[in-house]
Amino acid sequence: MYIYLVPSPIPDALAAYPHLTLRSEDEVRIALESSERMVNIESDDHVAAYEAFDAAGSWTGGGFAVLNNIPVTEDGRGDFEERFKNRARKVEEEPGFVGIRVLRPLKDDTYVVLTLWQSEAHFKGWQESQAYSHAHRNRSTSEGLTAQKPNMFPRPSFVTTYTIT
């Protein structure tokens, strides 16, 4: 499965693909999900292209999207992906959870953990939950990837949020 983040408006040729319109204060982007790789749009410098190596839940039905953008070095990719493949999967049980896509970049070094929620309030509820604490319990410890492999993250990660319209 492939995910493409395309500047708005969506080109007519892509309108038939399942897509979400993501809105923030600064921008409007279209998120497309495809079972096939679309090399023709990957060449566009304004398109972010990913392969989902882990997915759960639905692509539709959400009102809020969270993109956790995590730069990872080439040497760190295997460890990073292994950690996500073995994640606790607690988020899928949270009220208001719609879907998750863990995305491997096809053109750069920044992975994206995209979660879809019914609302921003549901996402904030997840952040305040015991399940969230459990899922992130090793983040700042010697068991966390940052401590084990401090050079695998070339830059700090950052989060972007959008309403889905």
Side-chain angles (χ1 to χ4, degrees), residues 1-74 76-77 80-81 83-85 87 89-129 132 135-136 152-165:
M1 172 183 336
Y2 298 90
I3 305 290
Y4 298 93
L5 297 177
V6 180
S8 181
I10 189 170
D12 290 340
L14 302 176
Y17 289 92
H19 63 276
L20 307 172
T21 302
L22 306 176
R23 295 182 186 278
S24 72
E25 290 181 15
D26 302 328
E27 67 181 333
V28 177
R29 296 175 89 182
I30 306 299
L32 298 169
E33 183 175 64
S34 172
S35 59
E36 305 166 358
R37 191 160 176 182
M38 295 191 281
V39 178
N40 58 327
I41 70 165
E42 286 178 23
S43 60
D44 185 328
D45 290 339
H46 300 294
V47 173
Y50 306 92
E51 180 177 13
F53 68 88
D54 187 12
S58 178
W59 181 247
T60 59
F64 191 70
V66 179
L67 284 69
N68 189 358
N69 302 270
I70 308 167
V72 178
T73 63
E74 189 68 35
R77 284 178 166 231
F80 180 83
E81 290 185 18
R83 180 64 59 106
F84 268 93
K85 288 177 185 173
R87 64 188 175 83
R89 302 195 178 274
K90 297 286 187 186
V91 68
E92 287 95 328
E93 300 168 12
E94 283 299 302
F97 171 82
V98 174
I100 185 171
R101 304 294 186 265
V102 185
L103 307 176
R104 174 188 303 121
L106 298 176
K107 299 187 338 182
D108 63 24
D109 68 350
T110 304
Y111 283 75
V112 174
V113 180
L114 184 153
T115 54
L116 301 170
W117 300 88
Q118 289 176 0
S119 69
E120 183 176 4
H122 284 105
F123 169 68
K124 288 185 177 189
W126 154 246
Q127 285 185 305
E128 296 169 1
S129 72
Y132 180 90
H136 297 93
M152 79 182 284
F153 301 107
R155 299 176 306 286
S157 62
F158 62 97
V159 173
T160 51
T161 60
Y162 299 91
T163 56
I164 300 170
T165 59

Closest heavy-atom pair, Phe53 versus Arg104, reported as atoms and distance to 0.1 Å, is CB-NH2, 3.4 Å

Looking only at heavy atoms, the pair that brings Met152 and Gly76 closest together is CE-O, 3.1 Å

* Using atom types as modelled and distance alone, determine if a side-chain donor or acceptor of Lys107 lies under 3.5 Å from a backbone N or O of Val47. => yes

Compare all side-chain heavy atoms of [X] with those of [Y] and state whether any distance is below 4.5 angstrom.
X	Y	value
Asn69	Ser157	no
Trp117	Ile164	no
Phe64	Leu116	no

Rounded to the nearest 0.5 Å, how far does [atom2] of [Y] lie from [atom1] of [X]?
X	Y	atom1	atom2	answer
Arg83	Glu81	CZ	CD	13.5 Å
Leu22	Thr165	CG	OG1	8.0 Å
Glu94	Phe123	CD	CZ	11.0 Å
Leu114	Thr160	CG	OG1	8.5 Å
Thr115	Ile100	OG1	CD1	6.5 Å

Scan [range] for pairs that pass salt bridge (Lys or Arg N to Asp or Glu O under 4.0 Å), counting only residues two or more places apart or in two chains.
range	result
residues 60-73	none
residues 155-165	Asp109-Arg155
residues 14-26	none

Those residues at least two apart in sequence (or on a different chain) that pass ring-ring contact (aromatic ring centres under 6.0 Å, His included) with Phe84 are Phe80

Result block: side-chain N/O donor-acceptor pairs under 3.5 angstrom for residues 2-17, not counting sequence neighbours:
residue : atom : partner : partner atom : Å
Tyr4    : OH   : Met38   : N            : 2.8
Tyr4    : OH   : Glu42   : OE2          : 2.8

So side chain to side chain donor-acceptor pair (under 3.5 Å) across residues 54-67, not counting sequence neighbours, yields Asp54-Arg87, Asp54-Arg89, Ser58-Thr60

Across all chains, not counting sequence neighbours, the side chain to side chain donor-acceptor pair (under 3.5 Å) partners of Tyr50 are none

Contacts of Gln127 meeting side chain to side chain donor-acceptor pair (under 3.5 Å) (sequence neighbours excluded), chain-then-number -> none

Check salt bridge (charged side-chain N to carboxylate O under 4.0 Å, His left out) between [X] and all other residues, then give those that pass, not counting sequence neighbours.
X	answer
Glu93	none
Lys124	Glu120
Glu74	Arg77
Glu33	Arg101

